[in-house]
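Okay, so here's the structure we're looking at.
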Amino acid sequence: MLTNLHAALVIARRDYVATVWSRAFILFLLGPLIPILFGVTFGSVGSKMSAPAAPPTIAILASGGEAQALRVARKRIFTILGDEGLPRIEVSTTSDADRLLKHDEAAAVVIGLPDRPVLRGAPEVVSRHAALIEWMLADARRDRALDKAGIVLRPVTLKREFIAAPAHSDQNDRSTLARAGQLLLLFLTMILTGMLLSNMMEEKSSKVIEILAAAVPVDAIFLGKLIAMLGMSLTGIAIWASVAAGALFAFVPVSALQMIAPAVGWPIFILLSTIYFISSYLLVGALYLGIGAQAGTVREVQTLSMPLTFGQLIIFGFAASAADQTNGPAAIAASLFPWSSPYAMIARAAQRPEIWPHLLAIAWQAATVAMIVRVGANLFRRSVLKSGGAGIWRKLIERSSWVA
Amino acid sequence: MTQELAIEAKALVKQFDGFRAVDGVDLAVPAGAIYGVLGPNGAGKTTTLRMLLGIIDPDSGERKVLGNRQPLRAANRIGYLPEERGLYPTMQAREAIAFMGALRGLKLGEARTRADRLLAEHGLADAARKPIRTLSKGMAQTVQILGTIVHRPRLIVLDEPFSGLDAINQERLEAMIRAQVDAGATVLFSTHVIAHAERLCERIAIIVGGRVRFEGSVAEARGRLQAQVTLVTRRTEGAWRTALPADARCENGAWIFPLPGNGIEPLLARLIEGEAGIEELSIERPGLHDAFVEIVGETAAQGIRKEPEPE
C-alpha cells in the first residue's frame, strides 16, 4: 500500500492538473477583478491605492493683498504652463500650517510670508516644486511692487524645510491595507471552498470515489483533495502576484508604494499573508469537505453551503470589526478563535511591526489546522462511502430540504 | 494439505440504519480460482465485496484478503472494478489507466507505458489520447477494466463486470478473466446472470437476503438435483414397466423420472429385454439455474437471470 502522503499526492496531482487545465480555473483567475472593480467603484481599496498618483496640494499661507497677488500669479503661471504635472496650489488665509499637514490637507505649506518664506513639507514635494513656488512668490511680489510704490523689490529666497510623512497618514493607509488583506482572504477562501465542494460532488456522482477508496485510505483522498486545491490556489496567487507586480511597476511610482508599506514591511507581509491564507483555507476547506461529504445531491450541497457561507461572513465581520484595535480585547479574541485568527493576524501584520505575535499565531493555527483536518477527515470517512442509510447530518439536510 | 485461500471471510455482518444488508457471510476463495458470487439484486453481494476490499468495515466478523486482515494493506496486489463504473470524463484514456495504476503503487511513467501497451493489445491504441467522455460506453468500460489490471494484481474483484457490455465484449471479458487466472491471479466476481458463472467459475457462493445459501463448486450445486430421464416407448404395457422407478410419472405420453443412482445402462438393458420399443430416451442434466431455484426457492430466484440480457 502507498503511504498516506504518497497516495494523497497521487490524488492531488490528478486533481491539480484537471483543475488548472479547466475553464473553471480561468474564471478563478478572473475572480479578483470583482473586488477590485468594487473597490474602484466605491472608492475604497482602489481609490486608496491610486490616491498617491494624484497631484499633491501645496498651501500658501497669506492674507490680504498678498493673498490676492498670489492668486493672480498662480493664474498667470498656470496659463503659461498648463496644469498637467503641476501641484495643486491653494492660497489659504489660515495660520495653522501644522493642522493642514497633520490632516493631510496639504503635502507642503508655504509660511513666513512676505519676508521669510519657508516651504515646509514632504521631502519629495518640497524638492520637486520649490522652484515653481519661488517663481510664483517672485511674480506676486513684482505685482505688489508695481501696485504699491515704496515696496522694495527684492529677490525671493525660499527656505526649504523637510518633514517626515505624518504618522497618522501611514496609519490610515495601513488600516486600508489591513481591510483589503482581510477582504482578499475572505474572497479567496470562499471561492476555493466552493470549488472544493463542487469537485467532491463531481467525484461522488462519477463514482470514482469508490475506486479511490478501494486503493488508498479515505484520509489520503481527503488530504489529496485539500492539497490539490491549495496547489491550484497558490498557482493562481502566483499568477495574480506577477500580473499585479508588473502593473504596479508599470503604472504606480515606487514612492507611492513606499507610502502604503505595511508595518512589517512588504516581504514579510506577503509571506505572512500566504501563510494565513493557507491556514484559513485548510481550516474552512477541511470543514466544508467533511460536512459536504454528507450531501448526496447538488441540492443538498446548496442547502449545506448556505449556513457555512453565512458562518464565514460572520467570522469575517467579527475579525474586520476589530481590525483597527490590534491590541484590543476583540482583536485578541479574533486572533485566538481558529477561523477568525488568519483575518485578525493579517490585519495586525499590516498595522503593527512586531513579529512574535505572528509566530505564536502560526503555531496556534498549525495546531488547530491539524485538529480540524482530522475532524474533517473523520466526517468524510464516515459518510462519503456510505451506500445505504443516512447519518445525522444527512438526515438534518433531508429534513430541511423537505421543509424548504 | 489445506488449500491456500486468497480470501477468507467469517460471519461478516453489515447493517445500514437497522437493515441487515449482510447477515453473517462466510466465504473461502481459493487462490488461483475463478469464484462467483451469485444472487439477485439487493442480495448483499456488493456490500460483501466492499467489506472484503476494505472500502467499508464490517460491523462484526472477520476477513482476510491475501493474508491481510486489513485489506488496504494488500491494495497494491488487488484490482477492483466497481459495479457503478467511475472514470473522470475529461481524462485521456491512457491517463485514466495510468492514474489507476499509480493509485496501486506503480510509478507514473511505468503506468503510462503499460497503459499504452494494454490499449494497443485491446485494439484501443487510437483512443489512448482521447478524453473518456468522447469514447463509446463499451470503450470506456474496457478502459476501466484495463485500469483494474494495469498493475498486474494477484486478486481481481469484479462487481457485475458483464453488465452493460454487448455479447462480443462479454466474450472478450470472459477470455480476459481466464487469461488473468492462467497468469496466476485469483478472480472473484459478482453477477446476477447465471450463464457467466456457469461458464467461468470453479466455485460459487449463492447469496440471498444477506446470507450465503450455498458455497461450493458448480458441480456440487448441480449435484443437489438429479438428472431427469425422459422416455417414450411404442408399447404402453408390458414387463418393461417394472423396470421404471416407482416415482416415474407419465406426461403427454412420455415417462419422466430421475436418473437412477446406478446409471442408465441397467435400466436400458431391462427396457430392451422387456421389449418396450424405445422411441426416444434422453437425459437432461440440471443447470446451475435449476440448482439455484432449488437452493433459494422460486420467489428468490426471480431476481436472477439465466442468460445475459440482450444488448
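Labels below follow one simple rule: chain letters A, B, ... track the order of the sequence lines, proteins then strands, and each chain is numbered from 1.
Contact between A:Val208 and B:Gly86 at its shortest, heavy atoms only, is CG2-C, 3.7 Å. A pairwise comparison of heavy atoms in A:Leu212 and B:Leu103 identifies CD2-CD1, 3.4 Å as the closest pair. Of all non-hydrogen atoms in A:Ala215 and B:Ala75, the two that sit nearest each other are O-CB, 3.3 Å. Heavy-atom minimum distance, B:Pro82 versus A:Ile211: CG-CG1, 3.7 Å. The two residues B:Ala102 and A:Val10 make their nearest non-hydrogen contact at CB-CG1, 3.9 Å.
Contacts of B:Leu108 with chain A are made by side-chain atoms alone, with heavy-atom separations under 4.5 Å and no backbone atom involved. When heavy atoms are compared at a cutoff of 4.5 Å, B:Gln15 does not approach chain A at all.
A heavy-atom distance below 4.5 Å is not found between the side chains of A:Glu210 and B:Glu83.
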Check the pair A:Val17 / B:Glu95 against side chain to side chain contact (heavy atoms under 4.5 Å, CB included), numbers first and verdict last. CA-CA 11 Å; A:Val17 171; B:Glu95 288 298 322; over 6 Å; no

Under 3.5 Å, which donor-acceptor pairs do the side chains of residues 228-236 of chain A form with other protein atoms, sequence neighbours left out?
from: A:Ser233; atom 1: OG; to: A:Met229; atom 2: O; distance (Å): 3.2
from: A:Ser233; atom 1: OG; to: A:Leu230; atom 2: O; distance (Å): 2.7
from: A:Thr235; atom 1: OG1; to: A:Tyr16; atom 2: OH; distance (Å): 2.7
from: A:Thr235; atom 1: OG1; to: A:Gly231; atom 2: O; distance (Å): 2.8

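Screening residues 207-236 of chain A for ring-ring contact (aromatic ring centres under 6.0 Å, His included) gives A:Phe222-A:Phe380 as the qualifying pairs, with residues at least two apart or on separate chains.
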